[in-house]
Amino acid sequence: MSKPVRVRYAPSPTGFPHVGNIRTALFNWLFARHHGGSFIVRIEDTDVARTVEGAVEAILDGLRWLGLDWDEGPEVGGNHGPYFQSQRLKRYQEAADRLVAQGNAYRCYCSSERLDQMRAEQVKHKQPPGYDRACRTLTAEECGIREGQGIVPVVRFKVPLTGQTRTNDLIRGEVVFENSTLDDFVLLKSDGYPTYHLANIVDDHEMKVSHVLRAEEWLSSLPRHLLLYQAMGYQPPLFAHLPMILGTDRSKLSKRHGAVSITEYKEMGYLPETMVNFLALLGWSLDDKTEIMSREQLVQGFSLERVSRTAAIFNIEKLNWMNGVYIRTLTIDDFAQRSLPLLDKKLPAQVKRPLSLDYIRQLAPLFQERARTLAEVPELSDFFFVDELEYDAALLVGKKSTRESTLRCLEASRERILKLDRFDKESLEGSLRPLAEELGVKTGELFGALRTATTGRTAAPPLFETMAVLGKDLCLKRIDVALDKLRGMGL
RNA sequence: GGCGCAUUCGUCUAGCGGCCUAGGACACCUCCCUCUCAAGGAGGAGACCACCGGUUCGAAUCCGGUAUGCGCUACCA
């Protein structure tokens, strides 16, 4: 009885894939997969002037990165192509011609100057801005005269002057619009390209789209689309308008709010599985407590009934937490592999390349539970890679310690370490922990001095594991450097 | 200005008439663990459910109005 579920993600290549946009793609994808339907990608490249070079690739890369595979669309084709609107111009022109012939649309010869002026006037007089329908009643003869003057017309839809247009939005329930509040919008531009409104309904119909899941900003356009479906004699799909994603100040998410492009999140070291999970929760929930969900759980649990109606604010703090959770679920090897590109990119230039994946595997466990993003790995671990540590000698001396005491600690440690045959966590700890007592200092004081000496930092992963990875020679060398620094202090 | 949508802790949200003196999560605070930092564990603080009326034995939940926010109002999507 019910038609197969077919949904589409229809981005416009006028910029890079915004997280809000990607969230819409995700919901469409989840809906399609949940119902065993098809997920279609269609490129809405009808705005020639605003098209951005490379945007299509960036959009597709974003989808691929998140694992949102499409059944029909660019690169994979399908039975309802082409999937670039710029390649479907003929269909839109035919539709426009048909609407004109049917009396549902008309050609408009008004100049953009006149339109601008008219709008300015309307705004000035607090009138609702909108086309004044000057060309709506032009006779064929009058049209001919204008054509003769070389004016290239646009095609406008003849909106009914009275009546209401209503439908049942799957998320918002019944929505009603007075036709009298709509103006005669453009269907076909003078350059022969369709506007979103026309292209959208022609394609959704021809591609047999069953459900349109799009952002709430489109809700206001819904009556136009419904009227168009009606005029074309098409059965409209079902609509669901998704809540928007806002910045921290509650305004539409933009560059001001930091990263907005999904590719930026990749570069910042967020995992695709985190992004999928996090974005899914922006406007949807499974129940009152489940938050960490696999792709499969998401697909299984997704439903429009549980999509919220209120706009959500993108909270980077929560994203960071969730990314940390996902990072900790990775295997050591996976974590090491995924960290490699970020390390390569962010470690100081003087660090020898190529980086050793094997070495990274050794230190990976030390950072896996500390990093919230992959980009933090190079920041936290650079002391494992650089030759010379740079730090203030004062850091060697702990708060409750003195220079003399620190010197004794490091000198004694040096002797102990020298004698070690094995240099692993256990032997290190077995040798150094008793040393603190012998020297009559707190373990914290001894370990702290060693930590600074070997890592150049006061906060680092557990000392013995760190030293074990660093290796005996390097540790000794760094302790010597620290000793020199201490001896030079206060001179 | 017009039209539309929305309104529960700072944030993401649960709630679809009695189970709510409103639950979970992030962030925050305290404690535990501990060589530092994290992670982990245990607690805590945090929402007069925007406001005003109405319906009802009973409303965060239903209805109306107001306010506020957001969106649309292009030969952009």
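Every heavy atom of this structure was used, including side-chain atoms; hydrogens, water molecules and symmetry mates were not. For clarity, every value in this text was computed on a predicted model and none was experimentally measured.
Comparing the P positions of B:rA67 and B:rA59 gives a spacing of 26 Å, expressed to the nearest Å. Comparing B:rA60 with B:rA45, their P atoms are spaced 23 Å from each other, to the whole Å. With both ends at atom C1', the span from B:rC29 to B:rC9 equals 16 Å, rounded to whole Å. For the P atoms, the distance linking B:rC72 with B:rA77 amounts to 14 Å, nearest Å.
In this entry the distance linking CD of A:E465 with C1' of B:rA38 reads 13 Å, nearest Å. Look at CD on A:E113: it is 12 Å from P on B:rC75, rounded to the nearest Å. Atom CD of A:E216 and atom P of B:rC72 are 10 Å apart (whole Å).
Among the atoms of the strands shown, base atoms are found under 4.0 Å from some heavy atom of A:L463. At a threshold of 4.0 angstrom between heavy atoms, the contacts of A:T46 are confined to the sugar-phosphate backbone, with no base atom among them. A:V123 comes within contact range of no nucleotide atom at all, as no heavy-atom separation falls under 4.0 Å. When heavy atoms are screened at a 4.0 angstrom cut-off, A:K289 is found touching the sugar-phosphate backbone but no base atom. Counting any heavy atom pair closer than 4.0 Å across all strands shown, A:P194 reaches sugar-phosphate atoms only and no base atom. When heavy atoms are screened at a 4.0 angstrom cut-off, A:F177 is found touching the sugar-phosphate backbone but no base atom. A:R309 comes within 4.0 angstrom of sugar-phosphate atoms only, judged by non-hydrogen atoms across all strands, and of no base. Within 4.0 Å (heavy atoms only), A:V186 reaches sugar-phosphate atoms of the nucleic acid but no base atom. Contact annotation for A:S12: backbone-only contact, meaning every heavy-atom pair under 4.0 Å involves sugar-phosphate atoms and none involves a base. Nucleic acid contact class of A:M244 (heavy atoms, under 4.0 Å, all strands): sugar-phosphate only. Within the 4.0 angstrom heavy-atom criterion, only backbone atoms of the sugar-phosphate kind lie near A:T181; the bases stay farther away. Across all strands shown, A:R166 has no heavy atoms under 4.0 Å from either base or sugar-phosphate atoms.
For B:rC75, its base never sits under 3.5 Å from the side chain of A:S112 at any donor and acceptor pair.
Below 30°, between 30° and 60°, or above 60°: for A:F157 and A:F185 the angle between ring planes is between 30° and 60°, a tilted geometry.
B:rG18 and B:rC57 make up a base pair, with Watson-Crick or G-U wobble contacts both under 3.5 Å.
Looking at A:L304, A:L30, A:L298 one by one, the single match for side-chain contact (heavy atoms from CB on, under 4.5 Å) with A:W284 turns out to be A:L298.
Here the CG atom belonging to A:L89 is positioned 5.0 Å from the OH atom belonging to A:Y193, to the nearest 0.5 angstrom. For the atom pair A:R214 CZ and A:L222 CG, the distance stands at 6.5 Å (nearest 0.5 Å).
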Where do N or O atoms of nucleotides 39-41 of chain B meet protein N or O atoms at under 3.5 Å, pair by pair?
from: B:rA39; atom 1: O4'; to: A:E369; atom 2: O; distance (Å): 3.4
from: B:rA39; atom 1: O3'; to: A:R328; atom 2: NH1; distance (Å): 3.2
from: B:rG40; atom 1: OP1; to: A:R328; atom 2: NH1; distance (Å): 3.3

Could you list the protein-to-nucleotides 8-14 of chain B atom pairs, N/O on both sides, closer than 3.5 Å?
from: B:rC12; atom 1: OP1; to: A:I313; atom 2: N; distance (Å): 3.1
from: B:rC12; atom 1: O2'; to: A:L281; atom 2: O; distance (Å): 3.3
from: B:rC12; atom 1: O2; to: A:K318; atom 2: NZ; distance (Å): 3.4
from: B:rU13; atom 1: OP1; to: A:G283; atom 2: N; distance (Å): 2.8
from: B:rA14; atom 1: OP1; to: A:S285; atom 2: OG; distance (Å): 3.2
from: B:rA14; atom 1: O3'; to: A:R306; atom 2: NH2; distance (Å): 3.2

Protein-nucleotides 63-65 of chain B N/O pairs under 3.5 Å:
none

Close N/O contacts between protein and nucleotides 44-49 of chain B (under 3.5 Å):
none

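Checking the phosphate oxygens (OP1, OP2) of B:rA77, no side-chain nitrogen or oxygen of A:R50 falls inside 4.0 Å. Checking the phosphate oxygens (OP1, OP2) of B:rC75, a side-chain nitrogen or oxygen of A:R119 falls inside 4.0 Å. Distances shown here put every side-chain N or O of A:K442 at or beyond 4.0 Å from the OP1 or OP2 atom of B:rU36.
Of all the residues in residues 447-462 of chain A, A:F447, A:R451, A:T458, A:A459, A:A460, A:P461, A:P462 reach under 4.0 Å from RNA chain B with at least one non-hydrogen atom.
The list of salt bridge (charged side-chain N to carboxylate O under 4.0 Å, His left out) pairs with a residue in residues 152-170 of chain A, not counting sequence neighbours, reads A:R166-A:E174.
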Inset, instruction - Apply ring-ring contact (aromatic ring centres under 6.0 Å, His included) to A:F367 and A:F335, showing your working. - result: CA-CA 10 Å; A:F367 298 102; A:F335 175 65; 8.3 Å; no
Inset, instruction - Go through A:H225 and A:Y196 one step at a time and tell me if the ring-ring contact (aromatic ring centres under 6.0 Å, His included) criterion holds. - result: CA-CA 10 Å; A:H225 302 156; A:Y196 171 86; 5.7 Å; yes
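The closest donor-acceptor contact from the side chain of A:T195 to the backbone of A:V186 lies under 3.5 Å.
Taking the ring axis of A:F447 as reference, the NZ or CZ atom of A:K442 does not stay both within 45° of it and closer than 6.0 Å to the ring centre.
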